[in-house]
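For reference, the structure is listed below as structure tokens.
In what follows, every chain begins at residue 1, and chains take the letters A, B, ... in the order their sequences are listed.
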Protein chains: 2
Amino acid sequence: MTESREVTTDHAAAPGHGRVGPKRQERGQRRMAQIVSAAAEVFAESSYEAATTNAIAKRAGISPGSLYQFFANKDEIARALAERYVAELGVAQAKALDLEKLRTASLEETLAAVIAPLIEFNLANRGFKALFARPDMPPSLTEAVAPLHATLTERVKALLAMRFPQLAGDALDRTVTVAIQIVRAMMPLIVAAEEGPERDALVAELHRALHAYLSDVVR
Amino acid sequence: MTESREVTTDHAAAPGHGRVGPKRQERGQRRMAQIVSAAAEVFAESSYEAATTNAIAKRAGISPGSLYQFFANKDEIARALAERYVAELGVAQAKALDLEKLRTASLEETLAAVIAPLIEFNLANRGFKALFARPDMPPSLTEAVAPLHATLTERVKALLAMRFPQLAGDALDRTVTVAIQIVRAMMPLIVAAEEGPERDALVAELHRALHAYLSDVVR
DNA sequence: TGAGAATACGAGTAGTCGCTCGTGTTTGTC
DNA sequence: GACAAACACGAGCGACTACTCGTATTCTCA
């Protein structure tokens, strides 16, 4: 009898990720994108835990079995979604942020330039908060979205280091952490608020809080 | 044949809650307290969803069946725990807060008087954040802890209204919300930090952020 | 002291969820 | 056209979880 180990569904991972898997055809790559998009929608409607893999498959228009042709498990889907978010956020910020111009901008202007695209991104990608704006994540998820957090932290750190050269070391790290926490805390409120004066007021409040905090840090 | 409706386990609720149930003996009341304490521990070690009712029962030293003699379902346990937290927080704050003295205190002093017992409480009751410091709760839990949120919001609102008479209406509400969000965002970090300089630095940062924000609000 | 109420037990039930597996179809390659 | 690899299906498995039920014990109080 021919032993058939290694014959069970072996999954691919995003390129450049160490994992090996079947060579994806164009159809397969489209499917993977579909699945990630569907996951983003389902996560957005509840939470990571509450989202079922069967629901994701259904939303993507495929069977549960097909889903597992492309992702080894639920965490891998979250990881792929986190990677997509990192990439898209990079694009959105690159568009809005011109570091050279910011060098001479006021703190208000800098904050506006950073926050505005971030809010747009959160509004356009409501699944984002399921992976980002949570204080208590299941360990597996924490690992999956660690690169996302690391990336954002790095970007904020670079910005603050440029803006406040007198900040360094632990103090800088703490300031970055607190600033991110404030944004994370306010974002769900902003996204949940109805478009118009209500949301605008909350955004203004976020500006105010961040501006006041950062002004004080270097006082 | 004698129909036996209403004979299945009928549960009690905390007194003054509308629900009727069996008359609790002293033993039963002790059990209920045990269960709530056990739930607090188990919630603290993971999260509300991840905590299983069987684990709570085991921690309380009773069988799953016994647990359901006292609580109709998992949500009721969370509700009871939330009520306990409201009561204990009330005591802790009443001890530390003397509204008359605060009337003449500086903003720094007021913040210190409010924040210090809050942090002590969070350190002593690590299950608290499972019910409080979460942006996205399951709907049932939301309802269960709504009184807790309402209570805290009311207290903060009263304090801010006294402190900043020029604030009123929506602006006051928003300020209360943001202040609470900042505390909620920082608390998990503070609790997770190791005792000593690391935690102290984060607490100082929380002070700074709140102080800066509130000073700015009335600027 | 005895009857009914409250408390206690824990194996068991129904339901859910992540994931598998046997099987069939499409696509790329020669 | 033949063959393998990739893609697709969906019933259903195994593990887990909130909760139940039949039964046994302890308490209360007339």
Side-chain angles (χ1 to χ4, degrees), chain A residues 2-13 20-35 38-39 42-43 46-79 138 140-141 144, chain B residues 2-13 20-35 38-39 42-43 46-79 138 140-141 144:
Chain A
T2 51
E3 269 269 338
S4 68
R5 287 171 46 75
E6 305 280 327
V7 174
T8 48
T9 49
D10 45 357
H11 333 81
V20 287
K23 294 234 165 86
R24 295 293 168 207
Q25 317 179 175
E26 231 183 289
R27 179 172 45 144
Q29 295 188 9
R30 272 200 309 273
R31 275 273 181 267
M32 291 181 79
Q34 272 175 36
I35 293 168
V42 179
F43 290 163
S46 45
S47 68
Y48 175 76
E49 295 97 330
T52 72
T53 53
N54 284 10
I56 295 172
K58 194 169 192 176
R59 182 70 63 106
I62 62 175
S63 75
S66 293
L67 189 155
Y68 284 92
Q69 294 270 347
F70 299 101
F71 296 97
N73 51 49
K74 200 177 166 183
D75 286 347
E76 288 297 324
I77 303 175
R79 191 189 308 275
S140 57
L141 227 192
Chain B
T2 51
E3 269 269 337
S4 68
R5 288 173 46 75
E6 307 279 325
V7 174
T8 48
T9 49
D10 45 357
H11 334 80
V20 287
K23 294 234 165 88
R24 295 294 168 206
Q25 325 184 207
E26 232 183 289
R27 180 173 44 142
Q29 293 188 10
R30 273 199 308 274
R31 274 274 180 268
M32 292 180 78
Q34 273 176 34
I35 293 168
V42 179
F43 289 163
S46 45
S47 67
Y48 175 76
E49 295 98 330
T52 73
T53 54
N54 285 9
I56 295 172
K58 194 170 194 175
R59 182 70 63 106
I62 62 175
S63 75
S66 293
L67 189 155
Y68 284 93
Q69 294 270 347
F70 299 102
F71 296 97
N73 51 50
K74 202 177 165 184
D75 287 348
E76 288 297 322
I77 303 175
R79 192 191 306 276
S140 59
L141 229 191

Report task. Would you kindly give the CZ-to-P distance between B:Phe70 and D:dA18, to the nearest whole Å? Result -> 19 Å
Requested in this report: Could you tell me which non-hydrogen atom of B:Tyr68 sits nearest to which non-hydrogen atom of B:Asn73, and how far apart they are?
Outcome: CE2-CA, 3.9 Å
Please write out each protein N/O paired with an N/O of nucleotides 24-30 of chain D under 3.5 Å, distance rounded to 0.1 Å.
residue : atom : partner : partner atom : Å
D:dC27  : O3'  : B:Gln25 : NE2          : 2.8

Report task. Starting from the 5' end of DNA chain D, give me the residue, A:Pro64 or A:Gln29, whose nearest nucleotide shows up first. Result -> A:Gln29
Query raised in the report: When the distance from CZ of B:Phe71 to C1' of D:dT20 is rounded to whole Å, what number comes out?
Result: 18 Å
**Report entry** Pairwise side-chain contact, A:Asp75 with A:Tyr48, heavy-atom cut-off 4.5 Å (strictly under)
**Finding:** yes
Report task. Over all heavy atoms of both residues, which pair between B:Thr53 and B:Leu67 is shortest? Give the atoms and the distance, please. Result -> O-CD1, 3.5 Å
Query - Distance below 4.0 Å between B:Tyr68 side-chain N/O and D:dT20 OP1 or OP2 - result: no
Query raised in the report: Looking across every strand, which nucleic acid part, if any, lies under 4.0 Å from B:Ala50 by heavy atom: base, sugar-phosphate, or nothing?
Result: nothing
**Report entry** Under 4.0 angstrom between B:Lys23 side-chain N/O and C:dA6 OP1 or OP2
**Finding:** no
Query raised in the report: Which part of the nucleic acid, if any, lies within contact of A:Ser66, taking any heavy atom under 4.0 Å across all strands shown: a base, the sugar-phosphate backbone alone, or nothing?
Result: base
**Report entry** From B:Gln34 atom CD to B:Phe70 atom CZ, the distance as rounded to the nearest 0.5 Å
**Finding:** 9.0 Å
Query - Separation between CE of A:Met32 and CD of A:Gln69, rounded to the nearest 0.5 Å - result: 11.5 Å
Report task. Please report the shortest heavy-atom distance between B:Ser46 and B:Ala51, naming the atom on each side. Result -> OG-N, 3.9 Å
Query raised in the report: If you check the B:Arg31 side chain, which of C:dT20, D:dA8, C:dA8 turns out closest?
Result: C:dA8
Query - Test side-chain hydrogen bond (donor to acceptor under 3.5 Å, both in side chains) applied to B:Arg59 - qualifying residues, sequence neighbours left out - result: B:Glu41, B:Glu45
Query raised in the report: Listed in order of residue number, which residues of residues 53-63 of chain B have a non-hydrogen atom at under 4.0 Å from DNA chain D?
Result: B:Thr53, B:Asn54
Report summary line: Heavy atoms of B:Leu141 and B:Ala78 approach each other most closely as CD2-CB, 3.9 Å
Report task. Answer whether the closest heavy-atom distance between the side chains of A:Phe43 and A:Ile56 falls below 4.5 Å. Result -> yes
Requested in this report: Rounded off to whole Å, could you give me the NZ-to-P distance for the B:Lys74 and D:dC19 pair?
Outcome: 8 Å
